[in-house]
Amino acid sequence: MPFGPDLIFAADDLRGFTFHVEVCEDMWVPVPPSAEAALAGAQVLVNLSGSPITVARAEDRRLMVRSASARCNAAYLYAAAGQGESTTDLSWDGQTMAYELGDLLGESERFPDGARRTVVDVDLDRIRQERMRQGTFDDNRRTLAARTDGFRTVPFELAPPSGDIGLARKVDRFPFVPDDEARLAQDCYEAYNIQVSGLEQRLHAIGHPKVVIGVSGGLDSTHALIVAAKAMDRLGRPRTDIHAFTMPGFATGDRTKSYATRLATSLGVTFEELDIRPAAEQMLAGLDHPYADGEQVYDVTFENVQAGLRTDYLFRLANHRGGIVLGTGDLSELALGWCTYGVGDQMSHYNVNGGVPKTLIQHLIRWVITSGQFSAEEHGGEIDAVLAEVLDQEITPELIPDQDGQRPQATEDSVGPYALQDFTLWHVLRHGERPSRIAFLAWHAWHDASVGEWPPGFPEEKRIAYDLATIRRWLEVFVRRFFSSQFKRSALPNGPKVSPGARCLLVVTGGCPPTPLPLLGWQNSSGSPTPSEALRRLVRIRLGCRRPHHRSWTKETWCAVLHRSS
């Protein structure tokens, strides 16, 4: 019978389930046996503890267990001795807990009357992906190979249940947005100041140019403007060095235009209106576009003429006034390719929003209001009022004029609900999840609006549910757009990483040091997502396959299968 601290138990009938057992104070030493076991391949670490309870001991245990699970990229299960032990000079609380990669999965009540157990679902795929993503984990393994290579493996048969047994695990609807109010406030504080300090340093490094920005009255440009204002304050420069332009086009609404005007005026920046319609009409006429002849043809050319002219004007204004163009597009738009390439909103000199997903930006603006970032100013009340009104409007690019009997243009009608698309984005960027797992997790998170937690301040009327058919529909849209728009992300301007994993999306740009892509299986050998991989992903979604039947299939074969499954 094998015995010792060098044993790893491996299930023959459950892929990836390997665990190691240590005892009590093994966890408290500088290099515990579990750390070496993790490097040797154990994904679940177990501690059977005879630890008695004293005041504050429970928090010390939580700290140690959470730290071990995070450092070892593992799940850590802890059980302390409880009722039934001798109380001659000690007492026992029977504390049990389970952590995974630093996240608490579950814990039992302390000082129970009788036996207790904590039952959770551990995500072995997530642990494996995290270890593959973190290159230094394997560096550490190779450094200590003389010790870890000597671990012995004990095989066993688990006989796990088959079929659907439910999911004993919390799945966040908004993985970029914490449900806990204090944690959300902390995240917003950090995200806002990452953006501000990033822009502050860039302006300082390149000689303190002015900032030129286009403001539409929408979420993204509104947030970029208040980030720029705070950066100027920290640099001790006047806000008049921010040159904000509202550039109405064929579908610009009076309401959004008023938001841009009121906010810019209240902040005290240099503000001007530049009507792009005459130039757009001239360009459309030069292109012999049907719109120039009075036809209501609102195609992609019609839209991109407006987006392109706005960016062209901003760059020329920056040349003329000694400034840089501040980009406003967010992480979600970049992932979905919802931007105009080249001479369009995809390009700027520096983009403060490129690492912030759409679902977080609204909470950042809400935090700016509640934390009083501008409240003490002379026009602080008006600034906060405009920001609150911006939060209430529907997201729209305002490029196509409203038509009788038709719903006004709305971004989410084209790219899908940002709630679902950011859910997919997180699980792709952070964990490299395959589509079938993303759909499974999305259904558990979104199928019942009355179950689970919502972020603080999230409006009641927007708390909706999505069925599996809807989740699948928009997952297909994500896959198509994500892979087909890589060329846009390959040519992005610089900007700070804000959300965990966010900059991995932009790793092929020159904006940050190289970061390992956690898109395992979502890209080709060069590390970039490709259209051919999109075909394979779509087939998996349509056929419900875990993986393709034939990796050697040609592009034409994939297209044929995809067509038959439509």
Side-chain angles (χ1 to χ4, degrees), residues 212-214 216 218 220-221 224 245 247 249-251 276 279-280 283-284 286-287 289 291 297-319 324-358 395-400 409 411-412 414-416 418 421 425 428-429 477-495 502-512 519 522-524 526-534:
V212 175
I213 181 173
S216 65
D220 293 347
S221 64
F245 295 86
M247 294 175 280
F250 298 121
I276 67 166
M283 180 174 286
L284 289 167
L287 294 172
H289 191 274
Y291 179 82
V297 177
Y298 305 129
D299 56 9
V300 66
T301 303
F302 179 84
E303 295 186 58
N304 284 348
V305 161
Q306 298 172 75
L309 279 171
R310 288 186 174 116
T311 303
D312 200 4
Y313 272 122
L314 290 175
F315 272 94
R316 301 297 76 76
L317 286 163
N319 293 154
I324 63 169
V325 176
L326 187 65
T328 63
D330 62 57
L331 178 69
S332 307
E333 293 178 341
L334 297 176
L336 295 165
W338 191 246
C339 53
T340 301
Y341 181 69
V343 184
D345 52 325
Q346 174 261 354
M347 186 49 61
S348 63
H349 289 113
Y350 194 76
N351 184 0
V352 291
N353 286 344
V356 185
K358 184 76 76 176
I395 301 171
T396 172
E398 291 192 319
L399 293 171
I400 297 178
Q409 186 182 24
T411 299
E412 291 180 303
S414 298
V415 301
Y418 277 114
Q421 301 299 39
L425 181 60
V428 168
L429 292 187
V477 170
F478 180 93
V479 169
R480 290 182 186 277
R481 299 192 67 95
F482 178 79
F483 285 99
S484 64
S485 60
Q486 177 59 34
F487 73 98
K488 297 182 180 181
R489 296 189 295 272
S490 297
L492 286 174
N494 295 170
R503 202 62 187 177
C504 295
L505 175 67
L506 319 178
V507 70
V508 291
T509 73
C512 68
L519 305 179
W522 285 78
Q523 72 282 330
N524 63 8
S526 68
S528 299
T530 61
S532 60
E533 182 60 26

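Side-chain N or O atoms of Glu333 include none that pairs as donor or acceptor with a backbone N or O of Cys339 at under 3.5 Å. Under the 3.5 Å distance criterion, the side-chain polar atoms of Gln409 are matched with a main-chain donor or acceptor of Ile400. The closest donor-acceptor contact from the side chain of Asn353 to the backbone of Thr328 lies under 3.5 Å. Of the possible polar contacts, none joining the Thr340 side chain to the Ala307 backbone as a donor-acceptor pair under 3.5 Å is found.
Side-chain contact between Gln346 and Thr311: absent, with no pair of heavy atoms (C-beta onward) separated by less than 4.5 Å. Looking at Phe478 and Leu425, their side chains come closer than 4.5 Å, going by heavy atoms from C-beta outward. Residues Leu492 and Asn351 form no side-chain contact, since every pair of their non-hydrogen atoms from C-beta on lies 4.5 Å or further apart.
The line from CZ of Phe482 to CD of Gln421 is 11.5 Å long, rounded to the nearest 0.5 Å. From Leu317, atom CG reaches atom CG of Asp312 across 9.5 Å, with rounding to the nearest 0.5 Å. Distance check: Leu309 CG to Met247 CE gives 9.5 Å after rounding to the nearest 0.5 Å.
A donor-acceptor contact closer than 3.5 angstrom links the side chains of Ser485 and Arg489.
No cation-pi contact links Arg310 to Phe245, judged by a cut-off of 6.0 Å to the six-membered ring centre and 45° from its axis.
In this structure, Tyr298 and Phe302 have tilted ring planes: the angle between them lies in the 30° to 60° band.
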